[in-house]
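Keep in mind it's a predicted model, so treat the numbers as computed, not measured. Numbers here simply count residues along the sequence, with the first being 1.
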Amino acid sequence: MAIYYASCASGLESVLISEVKVLGEASKLSDSPAFGGVCFSTVASLETIYKLRSADNVYAFVGHFQDVPISKDSAVSYLKNLVKKIDWGPSLEILKRWKAFSDKEDTSLFYKDTPWSNSNMRFRVTCDRKCITMRKHPFTSMDAAAALGDGINSLFGWTGDMRRYDGIHWGTQATVEIVPANNSEAKKVACCDGALAPRLPWSIKLENVKDDDDSASKTCEGKVSVSLPRPSRSDSQLYSHRRYRHALIGTSLKPSIAYALLQLGDIQTGHLILDPMCGCGTIPLEAADCMAGRIACLAGDISSKAVNAARENSEEREIKGSCDVLQWDATNLALRSNCVDRVLCDMPFGIRCGSPQRREWLCPKVLREIVRVLRQDTGAAILLSHSKSMRHEIEENQRLFLQVLESLPIDMEGIRLEVLIIRRTSAPAPIQVSMLSST
């Protein structure tokens, strides 16, 4: 039974776990700890695993290793020698099958006899590290990557190349996570950097980093992955093969997160789904792709560039006609009151575009429109928010109309966000004077 690690944004593991559990085929969640992802074993086909929608990526899981030294010299030596202790056979076999599945090509050039000693192969190791709840350990991500790279080079004879590692379709990737010691409820503090979706990488777990004095107060947990690369990071994720992903903008949401929001929203057949600030349309188009013909989706944005991108994406043959895209002002929606079943929205962060000041001004106004258009008593909103004033606006100014059912803190590539699951109460929305624009 093959063992895999599926990655996701930290805080959304519950959605991924639910999806993994319905894989069937003797799927079993692993006891190995995972932050920002799920370890599981299954005999399900690669084609089935490839369809996981809430996963950023899927890795062949190699092992879980403890007692990593925290001092630089000891850690570098440990990581370099760790490569020799790993049983690579099962993961290499999975990688072989994954390549055959994704490329539909003759793999005999790479997988006959002892191909893993082929010195012509190029690879890359990258490490991400982030510490929040403990002091930083003295070795850097580059130190860890170099140590692992040296070990892989010594074992397999492959050549490290950070730029041209895709020349012969090989690559390596590493991710390091830091968590508090002896804390079963420790939150993930570093997102798993995406491996390459159509080809399965390898994964290693490292934990219990200790000082030379064997202090139990410091812990390091990480993952090492090896993958077949592509030139673009956005193309290196499992979700890069969504059929509707044609036109993107600078703030495009990951489809895996959009899918998680949909699951948290408990979407039902016949629902009208609204994203008032849709960007390139990821959330409503993910909904249309999952439930085409069973729901109606409506999306809009004030940006012409975003609207054009969303309209282009909505023309995908499989979902064409499932989502209408309009240009509008989200603070003054061209919709009648009490008509929308679910509002799902990635609210502006004010980081890559706009500003925090603009965000704090905009979000409360959009929230008041959400109150107006949601169906009384049965309507709900799932909002991904970075706004400090959002919770205050809901619980103070909109408490008669909205009730926060749950709040999920998540980490999305180092940005700490909050998913708010909100219920519309039965109280009638206050009467507002609408001034519709000519657009």
Side-chain angles (χ1 to χ4, degrees), residues 11-12 251 253 257-258 260-268 271-279 283-284 287 296-302 326 328-351 354-410 412 415-437:
L12 296 177
T251 56
L253 185 68
I257 295 180
L261 298 182
L262 291 170
Q263 298 310 300
L264 294 172
D266 188 27
I267 310 300
Q268 303 294 322
H271 274 176
L272 172 60
I273 310 302
L274 169 68
D275 184 349
M277 294 184 286
C278 69
I283 293 176
C297 298
L298 187 59
D301 204 287
I302 198 170
L326 304 174
W328 58 27
D329 179 354
T331 68
N332 191 19
L333 295 172
L335 296 172
R336 63 181 175 84
S337 300
N338 196 32
C339 68
V340 174
D341 296 288
R342 296 289 186 271
V343 172
L344 296 100
C345 187
D346 175 17
M347 305 293 282
F349 297 170
I351 297 177
S355 67
Q357 294 76 18
R358 174 71 176 175
R359 177 194 67 204
E360 297 302 304
W361 173 87
L362 175 65
C363 288
K365 295 180 180 296
V366 174
L367 195 61
R368 287 194 285 272
E369 276 295 271
I370 291 175
V371 167
R372 184 181 66 82
V373 301
L374 272 178
R375 291 189 187 277
Q376 295 168 207
D377 203 31
T378 61
I382 314 298
L383 306 179
L384 181 61
S385 173
H386 193 257
S387 171
K388 295 179 181 179
S389 63
M390 181 65 75
R391 175 66 74 89
H392 179 270
E393 178 68 22
I394 295 171
E395 295 181 341
E396 296 296 329
N397 299 334
Q398 304 296 333
R399 64 181 181 275
L400 294 178
F401 315 108
L402 298 175
Q403 177 187 5
V404 177
L405 300 180
E406 190 174 1
S407 172
L408 301 176
I410 72 169
M412 191 172 72
I415 303 176
R416 305 177 81 173
L417 306 170
E418 187 176 33
V419 177
L420 297 172
I421 304 175
I422 305 166
R423 182 183 74 87
R424 177 68 167 88
T425 69
S426 59
I431 299 175
Q432 301 180 29
V433 179
S434 178
M435 299 295 291
L436 298 179
S437 64

Do you know the tightest heavy-atom contact between [X] and [Y]?
X      : Y      : value
Pro409 : Ser407 : CD-O, 3.6 Å
Arg424 : Ala429 : NH2-N, 3.3 Å
Pro348 : Leu362 : CG-CD2, 3.9 Å
Ala260 : Leu12  : CB-CD1, 3.9 Å
Leu374 : Ala380 : CD2-O, 3.4 Å
Cys363 : Met347 : SG-CE, 3.9 Å

- Query: Could you go step by step and tell me if Ile257 and Asp346 meet the side chain to side chain contact (heavy atoms under 4.5 Å, CB included) rule?
  - Reply: CA-CA 10 Å; Ile257 295 180; Asp346 175 17; over 6 Å; no
If you define the side chain from C-beta out and look only at heavy atoms, does anything of [X] sit under 4.5 Å from [Y]?
X      : Y      : answer
Met390 : Glu418 : no
Ile370 : Ile422 : no
Glu369 : Val343 : no
Leu344 : Leu264 : no
Cys297 : Ile273 : yes
Leu253 : Leu384 : yes

Find the distance between [atom1] ([X]) and [atom2] ([Y]) and round it off to the nearest 0.5 Å.
X      : Y      : atom1 : atom2 : result
His386 : Met412 : NE2   : CE    : 9.0 Å
Ile302 : Met277 : CD1   : CE    : 10.5 Å
Leu408 : Ile382 : CG    : CD1   : 9.0 Å

Main chain of [Y], side chain of [X]: is a donor-acceptor contact present, judged purely on distance under 3.5 Å?
X      : Y      : answer
Arg342 : His271 : no
Asp275 : Ala299 : no
Arg372 : Leu333 : yes

- Can you name the side-chain contact (heavy atoms from CB on, under 4.5 Å) partners of Gln398, sequence neighbours left out? Leu367, Arg368, Val371, Glu393, Phe401, Leu402
- Item | Arg423: partners by side-chain contact (heavy atoms from CB on, under 4.5 Å), with sequence neighbours left out |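 Counting only residues at least two positions away or on another chain, Arg423 forms a side-chain contact (heavy atoms from CB on, under 4.5 Å) with Asp377, Gln403, Leu405, Thr425.
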- Note on the structure: Quick note, salt bridge (charged side-chain N to carboxylate O under 4.0 Å, His left out) partners involving residues 330-341, not counting sequence neighbours, are Asp341-Arg375
